[in-house]
Amino acid sequence: MLDRKKRYLQVALNSTLDEAYEIISQLPASERILIEAGTPLIKQYGSAAIIQLRQWWQERLSGTDILPYVVADLKTIDRGATEVMIVQNTGASAAIAMGQAPIETLNIFIETCTKYGLDSMVDMMNVERPIKVLRNLKKLPTVVILHRGVDEETYNKSIPIPYIQINKIRASYNVMISMAGGDTIREVQRAIFNDADIVVVWKNFYTYSDQTAALAQEFLKVIK
């Protein structure tokens with residue numbers, strides 16, 4: 001489970017399992033790194049991808065007392081209970097649903113995550129007022145993800161990263177907040193300055209390079 005007193009770097013792996021293995025093998029053995037099985041990876045390899053990522057991360061953490069933490073980015077939009085049950089035996093520590101899903105889906109998603117001991121994360125990409133979604137839930141998720149999508153960033157440069165939503169949520173709800181959609185050091189710094197608990201990065205970790213370890217260390221220094 002996540003520690004509310006700490007800040008985390010979530011490394012989203014979206015390419016291939018071969019690339020994922022190379023990247024994980026170079027990451028620092030840190031309790032503040034969360035590994036994400038990205039949606040493209042899950043769609044390509046199924047729930048087996050989650051099992052494999054957990055195994056590799058556990059091996060990387062061997063010799064420490066750190067438990068591997070793997071996020072399954074299911075992007076659940078319907079069948080909230082069913083999709084959680086599909087991954088609950090994979091070793092996933094958390095699962096993600098979309099904030100645009102029906103409230104009924106989000107409620108059963110969060111309830112089922114709680115039942116099976118997973119952290120629930122709700123991704124508010126393309127949700128204009130995240131606080132309105134939270135207001136209608138029976139129970140808050142563990143994490144609210146504020147997210148500028150990849151296609152938004154690529155094809156509409158005017159769309160900002162939604163840092164402004166952090167304080168709006170903090171003013172009313174005691175929930176952890178994750179920021180996704182910014183991959184530069186400056187963007188990560190801004191997320192932390194605006195009081196995000198988790199920063200999600202993927203661009204620099206899409207394929208392995210000889211800079212993988214150094215990049216992860218640099219991000220960890222920023223996320224204090």
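Values below: every heavy atom of this structure, side chains too, minus hydrogens, waters and symmetry copies.
With respect to Arg4 and Asp197, no salt bridge is recorded, no charged nitrogen being found less than 4.0 Å from a carboxylate O.
For the pair Tyr8 and Asp3, the minimum side-chain heavy-atom distance is below 4.5 Å. When side chains are defined from C-beta on, Asp73 counts as touching Ile96, because their heavy atoms get closer than 4.5 Å. When side chains are defined from C-beta on, Leu106 counts as touching Leu137, because their heavy atoms get closer than 4.5 Å. Counting heavy atoms from C-beta on, the side chains of Ile223 and Arg32 come closer than 4.5 Å.
Scanning both residues, Ile166 and Ala191, for their nearest heavy atoms gives CD1-O, 4.3 Å.
Within the structure, side-chain hydrogen bond (donor to acceptor under 3.5 Å, both in side chains) contacts touching residues 92-110 (residues at least two apart or in different chains) do not occur. Sorted by first and then second residue, the side-chain hydrogen bond (donor to acceptor under 3.5 Å, both in side chains) pairs with a member in residues 46-58 read Gln55-Glu59; sequence neighbours excluded. Residue pairs satisfying the side-chain hydrogen bond (donor to acceptor under 3.5 Å, both in side chains) criterion with at least one member in residues 211-220, sequence neighbours excluded, are absent. Each salt bridge (charged side-chain N to carboxylate O under 4.0 Å, His left out) pair with one or both residues in residues 35-46, not counting sequence neighbours, would appear here, but there are none. Residue pairs meeting the salt bridge (charged side-chain N to carboxylate O under 4.0 Å, His left out) criterion with at least one partner in residues 110-132, sequence neighbours excluded, do not occur; the list is empty.
Remark: Tyr45 engages no residue in a ring pair (Phe, Tyr, Trp, His ring centres under 6.0 Å) (not counting sequence neighbours).
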- Run the side chain to side chain donor-acceptor pair (under 3.5 Å) check on Thr184 and Glu187 step by step: do they pass? CA-CA 5 Å; Thr184 67; Glu187 288 167 335; 3.3 Å; yes
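Under a hydrophobic-cluster definition in which Ile, Leu, Val, Met, Phe, Trp and Tyr are linked whenever side-chain heavy atoms come within less than 4.5 Å, directly or via other members, Ile50 and Ile23 are assigned to the same cluster.
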